[in-house]
Amino acid sequence: MLSWQTGLSGFLAGLLISIVTAPVGVSGAVFLLSVQLSVLNVPSPAVTPTNLLYNVVSGPGALARYRRNGQLTGPLARLLIAGTVPGVIVGALIRVFAIPGPRVFRLVAAAVLLPLGLWLCARAVRPGVRDRPPLSRRTVLGLSIVTGTVGGVYGIGGGSILGPILAGRGIPMSRIAPAALACTFVTSIVGASTYGVLALVTTGDIAPHWGLGLLCGAGGLVGGYLGARLQPHLPERALRLLLGVLATALAVLYLVQGLTSA
């Protein structure tokens, strides 16, 4: 039974996190995961589909604003979706059958968050560094499959990992943010559906926590819209540095927890 305190905490966490993350196209699920595990006590592996449910509910908020701004156009979103959709299905299967334990999951989460955080910090403190040449469509597609798989394991949909990589290759944030969030939204629908099917045919706590996921997503829906609306007025360097510090700190936390639980 979901208490009102837990529900309110989930709503506020989704709201505040998405306000910060939506302007740079990073899903708030990246940071909401630690809140669900450590504060809201969502068990593993159910925390992953709950996070995907958050993405499904919260995604339309930021996407609606980006579409209103005329930013949700171009082929980038379709290319990212084409790779991450099959990847997220593979990731869900790996998550359920290969690494269901919380210790291994924390180590995997740390492995995802640490390079993401360091990359964001490096780009923020060295804004004058020249971007590398843009990636080819085939390379972007391959990266989408890999990050989609990792996103399916981690519960973030995949688009959030691709954003910093694309930013370092000369693509402006005005294109990356809506494309990455659209990718995360679509792949999260596929990932959550995959976990729903697996919950019917396997044992264990695999199904999402519907009440909490919906409330977190409702907060993210409002926060994502506000974050997307604020994007043109916020300094990109400060946002990337903040996200990098948060991601790195969470990675270190999960690494310590994973190693000490051995």
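Scope of the values below: all heavy atoms of this structure, side chains included, with no hydrogens, waters or symmetry mates.
For T6 and S9, the side-chain atoms include no donor-acceptor pair closer than 3.5 Å. In this structure, a donor-acceptor pair under 3.5 Å is absent between the side chains of S18 and T21. A donor-acceptor contact closer than 3.5 angstrom is absent between the side chains of T184 and N55.
Grouped by direct or indirect side-chain proximity (heavy atoms under 4.5 Å, Ile/Leu/Val/Met/Phe/Trp/Tyr only), L118 sits with L114. Residue L214 is found in a hydrophobic cluster whose other members, listed by chain and number, are L53, V57, W210; membership requires side-chain heavy atoms under 4.5 Å apart, directly or through intermediates.
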Side-chain donor/acceptor pairs under 3.5 Å, residues 173-181, sequence neighbours excluded:
none

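Using a 4.5 Å heavy-atom threshold, the side chains of T194 and V88 count as separate. No side-chain heavy atom of I89 sits under 4.5 Å from any side-chain heavy atom of P86. Taking the side chain as every heavy atom from C-beta outward, Q231 and Q71 approach each other to under 4.5 Å. In this structure, P60 and F185 have side chains that are in contact, with non-hydrogen atoms separated by less than 4.5 Å. Between L76 and L166, the closest side-chain pair of non-hydrogen atoms falls below 4.5 Å.
Qualifying side-chain hydrogen bond (donor to acceptor under 3.5 Å, both in side chains) partners for T248, counting only residues two or more places apart in sequence or in other chains: none. With sequence neighbours excluded, the residues satisfying side chain to side chain contact (heavy atoms under 4.5 Å, CB included) with V222 are L15, L226. For the side chain to side chain contact (heavy atoms under 4.5 Å, CB included) test, residues two or more places apart in sequence or in another chain that qualify with A192 are L52. V197 meets the side chain to side chain contact (heavy atoms under 4.5 Å, CB included) test with no other residue; sequence neighbours excluded. Evaluation of the side chain to side chain contact (heavy atoms under 4.5 Å, CB included) rule for R137 yields P75, L79 as partners, not counting sequence neighbours.
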Show the numbers, then the answer: is there a side chain to side chain contact (heavy atoms under 4.5 Å, CB included) between R68 and Y225? CA-CA 11 Å; R68 184 175 178 181; Y225 182 88; 3.4 Å; yes
